[in-house]
Amino acid sequence: KTAYEFMPSLVGSEMCIRDRVDLLEQRAAAYPGLNLSDETREGILKHGVHWTHPVALPELFAQRSLEAQVADAADEIAYLSHDIDDALRAAILDFEMIAQLPLLGDIVQRIPKEGGDAVRRDNIVREMIDVLVTDLLKESARRIEVGGLDSPDAVRKSKTRAIGLSMDADDARRSVKGFLFDEFYNHESVLSRTRQAEAVVEDLFKAFMREPAVLPAGVRARFGDEGEARAVADYVAGMTDRFALAEHLKFADSPAEIAL
């Protein structure tokens, strides 16, 4: 089997709840994981899970807690603004392109060109975050008041989320996200880097399966309970980009040349 057959869903919140929270992080002798509260673990599971989990999951209600909803909304705003920043830095998008988008069009027109492209880009992204966060605060306050959400239990049983953008702002957010998928995420230079990264993961998995003796003792100790492939897959999935590339240089048959 390949690395991706052993790690099909270990991404984002699912990788976090398994790898760093519940199982692999060892900070105490009495238990695995970080021993976080159910409320915190519930908040991490923003997308839900559809795979067998080694530790019992917290009960998931109709809605997450207010804190979890705020974290989810903030994550989406940060993700969107960071990717606009990245796309402009990489010159895959330019100011004229994003000026055609809802939300960003007005911002681009307001931000002066003086100071150079770098300053203009930073100001556009900063203004984008400000507009979205301001809308989120106002709309969320309205929902809480209109819905009479005066307790954690009321929030959890609500048919709709308490924290969210207004309809107009959310439509604009969706438009920007769709534009990013079309023009940035699926751009050939981005896809090329993705293919390179996938090759690094695949090479590391094969290298460690071939020479398990080079693995840390803690990883090898899990072979008996979870199987060699599962332990290796978790180890590779938990690597940072820099560490994965460094390990790839040491152990892979054909070291990758990927600039970070």
Side-chain angles (χ1 to χ4, degrees), residues 1-60 64 68 71-72 75 78-79 82 185 190-260:
K1 287 188 175 183
T2 68
Y4 290 96
E5 289 178 280
F6 282 101
M7 298 187 291
S9 64
L10 294 187
V11 293
S13 58
E14 296 178 1
M15 184 65 230
C16 183
I17 196 77
R18 175 188 168 84
D19 191 356
R20 295 298 169 224
V21 173
D22 279 348
L23 183 63
L24 305 183
E25 192 77 18
Q26 192 73 44
R27 298 297 180 89
Y31 52 81
L34 299 179
N35 199 31
L36 300 181
S37 69
D38 277 353
E39 289 78 9
T40 301
R41 294 169 67 243
E42 177 196 27
I44 294 172
L45 292 170
K46 58 178 287 188
H47 301 300
V49 288
H50 306 286
W51 42 277
T52 302
H53 198 272
V55 180
L57 293 170
E59 182 179 359
L60 300 179
R64 307 289 195 265
D72 190 6
D75 180 59
Y79 189 98
H82 186 276
Y185 305 142
V190 176
L191 294 177
S192 176
R193 290 288 295 275
T194 300
R195 288 191 291 268
Q196 287 179 304
E198 289 173 347
V200 167
V201 171
E202 190 69 38
D203 287 348
L204 284 173
F205 180 80
K206 290 178 179 177
F208 291 137
M209 289 293 290
R210 188 169 57 246
E211 298 182 66
V214 303
L215 290 164
V219 177
R220 287 183 276 112
R222 295 177 52 225
F223 286 1
D225 292 333
E226 299 189 44
E228 186 174 333
R230 175 74 270 169
V232 170
D234 283 342
Y235 178 60
V236 175
M239 291 181 177
T240 63
D241 293 348
R242 292 187 184 280
F243 183 65
L245 290 176
E247 293 293 277
H248 195 262
L249 285 172
K250 289 193 290 185
F251 299 118
D253 292 333
S254 51
E257 295 181 1
I258 302 177
L260 292 179

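Hydrogens, waters and symmetry mates are skipped; everything else that's a heavy atom, side chains included, is used.
The distance from atom CG of Leu215 to atom CZ of Phe251, rounded to the nearest 0.5 Å, is 8.0 Å. Distance CD/Glu198 to CG/Leu191: 9.5 Å, rounded to 0.5 Å. Distance NZ/Lys206 to CG/Asp203: 7.0 Å, rounded to 0.5 Å. Put simply, CD on Glu247 and OG1 on Thr240 are 9.5 Å apart, with the number rounded to the nearest 0.5 Å.
In this view, Ala68 and Arg64, Ser65 satisfy the side-chain contact (heavy atoms from CB on, under 4.5 Å) rule, not counting sequence neighbours. Take Tyr79 and apply the side-chain hydrogen bond (donor to acceptor under 3.5 Å, both in side chains) test, not counting sequence neighbours, and it matches no residue.
Looking at Arg222 and Tyr235, their side chains never come closer than 4.5 Å, going by heavy atoms from C-beta outward. By the 4.5 Å heavy-atom criterion applied to side chains, Val214 and Lys250 are not counted as neighbours.
A pairwise comparison of heavy atoms in Ala244 and Met239 identifies CA-SD, 3.8 Å as the closest pair. Contact record, Phe208 with Val232: CB-CG1, 3.7 Å, taken as the closest heavy-atom pair. Ala229 and Phe205 get closest at one heavy-atom pair: O-CE1, 3.7 Å.
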